[in-house]
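Worksheet: one structure, shown below.
All figures in this text were calculated on a predicted structure; none of them were measured in a lab.
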There are 2 protein chains.
Amino acid sequence: MAESFSTKVVAKSLVDAVTERLEAAIIAGELAPGERIREQTLATALGVSRGPLREAIRRLEGRRLLDRKANVGVSVTELSPQRLDDLLTVRESLEGMACRLASQRMSDAEIDDMRKLLASHSRRREIALGEGYYQESGDVDFHFRIAAASGNELLTSMVTGDLYDLLRVYRYKSSTMTGRTSQALEEHRAIVEALASRDPDQAEQAMRTHIRNARLYAQMALEKAEKEAETS
Amino acid sequence: MAESFSTKVVAKSLVDAVTERLEAAIIAGELAPGERIREQTLATALGVSRGPLREAIRRLEGRRLLDRKANVGVSVTELSPQRLDDLLTVRESLEGMACRLASQRMSDAEIDDMRKLLASHSRRREIALGEGYYQESGDVDFHFRIAAASGNELLTSMVTGDLYDLLRVYRYKSSTMTGRTSQALEEHRAIVEALASRDPDQAEQAMRTHIRNARLYAQMALEKAEKEAETS
DNA sequence: CGCCCGTCGAATGTCAACAATCGACAACTT
DNA sequence: AAGTTGTCGATTGTTGACATTCGACGGGCG
């Protein structure tokens, strides 16, 4: 069967389409943190009526990307170092548990696949140059893989959904910011070997250490940025 | 100033009111798991138009209390032993972290307050009779208190919000089901003493053990119920 | 000059009507 | 009898109009 007929045609409502557009704009920074969203203006720009836009906004509220004040309006959630810290702490907790569960569930073939994934990561140019360890979302993302392997639907949905979106808003993937590339890759390797050991405590600790390091590094980077802003 | 004027008057939109009504109906079982929600019927019953109802439904979708199939409709999320297990595993992970953080942040007075809270719990009649350990939500809930003391806004919001609502749907508080009352209270006491020790690992383990025990007990109770359904 | 009140426009909240979709059921064909 | 197609009613998705609320600004008063 040709490609055109291999997948089912799925209706996409305006609410779905608008949700995606808003999400992309928030993550790209086109809608800036703290910025007010005016329903009529945006609905006109998107060529839809306010109804579906309101529904999309409700969804993004639930995902903590937008904040609402009744009868006043909706704004893009503001970022702060404290909030990033809170978020990474939550991720540490959940991803540690995901890794613990995955260590009991992943097959040997799946663990080999993780090694291959890391090998392909290390061949990428921006990593070799230390520019950053950015990953596509989905199946090639190291953390997605582990969350999916946990076998816990709710946990997977949380880690790969809302919490992932929040991270992206910080222009940050769960691995590293610039400057910590080779260490992050080493930590990923350590996580895979801990998974292979089938020791749940070890697996959980490896992941938690990795995310804690990323959190500490982010704190340092933000403090440094603040100090530089003061002196200039 | 009299009580009537001690708090500000806050506007409550129809969306807010409808959200609460739906939530209450789901938790009380008036809207049963799997049950279809018909917008026009429900809107008529509630005396509002479909617009605010749709917005409320979007919110509850985001909280995993409702499932939507585009162009077909919305139904109450179905319960299953696997989903309860997933949920308790997530809570174990998050509440363990909350307890770890709280062990570093709670004042001595706050820990004494926790002891007093447990003392008041142990004086309650249904606990003495072993009938169950149900707590009001809010400040008198043991787990709420610890989550709030974590100092992590996101974590607190998750534990005391959506995840708490999901638990309530299972007619279950994060402590115990009937039959495990005195053990749960003992475990609560152990958690408080671990908090008082200021040892983060110990605090985290005490909370995780408590929730893991609740999870294992829930599994046994569900299996027992299934076996009894088979023989009758 | 500072404070309070009233007005107005922008924006949000809600409503009801129309458009589109889906599933159930009946009729038709093989 | 089984499978396919067409129809229809119930329901969902969207639109645009009206009602309500809020904040900004200007005018009046002390």
Closer than 4.0 angstrom, basic N to acidic O: yes or no for [X] and [Y]?
X       : Y       : value
R83(B)  : D86(B)  : no
R58(B)  : E61(A)  : no
R145(A) : E110(A) : no
D16(A)  : R68(B)  : no
E204(B) : R208(B) : yes

(message) A quick test of your reading: do over 12 heavy atoms of other residues, nucleotides or ligands sit less than 6.0 Å from CZ of R212(A)?
(response) yes
(request) May I ask you to verify if any side-chain N or O of R36(A) is less than 4.0 angstrom from the OP1 or OP2 atom of dC22(D)? (result) no
Would you confirm whether [X], through its side chain, and [Y], through its main-chain N or O, come within 3.5 Å as a donor-acceptor pair?
X       : Y       : answer
Q104(B) : L101(B) : no
R36(B)  : V72(B)  : yes
E35(B)  : A32(B)  : yes

(message) Going by side chain to side chain contact (heavy atoms under 4.5 Å, CB included), T160(A) matches just one of D162(A), T156(A), L163(A). Which one?
(response) T156(A)
With 3.5 Å as the limit, what N/O pairs link the protein to nucleotides 5-8 of chain C?
none

Restricting to nitrogen or oxygen on both sides, can you table the protein-nucleotides 23-25 of chain D pairs closer than 3.5 Å?
none

(message) Taking Watson-Crick (N1-N3 plus N6-O4 or O6-N4) and G-U wobble (N1-O2, O6-N3), each under 3.5 Å, can you produce the dot-bracket string of DNA chain D? Use [ ] for crossing pairs and | for inter-strand ones.
(response) ||||||||||||||||||||||||||||||
Distance only, no hydrogens: is a donor on one side chain within 3.5 Å (strictly under) of an acceptor on the other, for [X] and [Y]?
X       : Y      : answer
T89(B)  : E92(B) : no
Q40(A)  : T44(A) : yes
S157(B) : R64(A) : yes

(request) Within residues 38-53 of chain A, find the residues that approach DNA chain D with a heavy atom at under 4.0 Å, and present them sorted by residue number. (result) V48(A), S49(A), R50(A), G51(A), P52(A)
(message) Considering only residues two or more places apart or on different chains, which pairs with a residue in residues 41-51 of chain A satisfy salt bridge (charged side-chain N to carboxylate O under 4.0 Å, His left out)?
(response) E39(A)-R50(A)
(message) What's V15(A) touching, base or sugar-phosphate or nothing? Going by heavy atoms closer than 4.0 Å.
(response) sugar-phosphate
(message) What I'd like to find out is whether the side chain of M106(A) reaches to under 4.5 Å of the side chain of M114(A), using heavy atoms alone.
(response) yes
(request) Taking only heavy atoms on the protein side, list every residue of residues 54-67 of chain A lying under 4.0 Å from any atom of DNA chain C, sorted numerically. (result) R54(A)
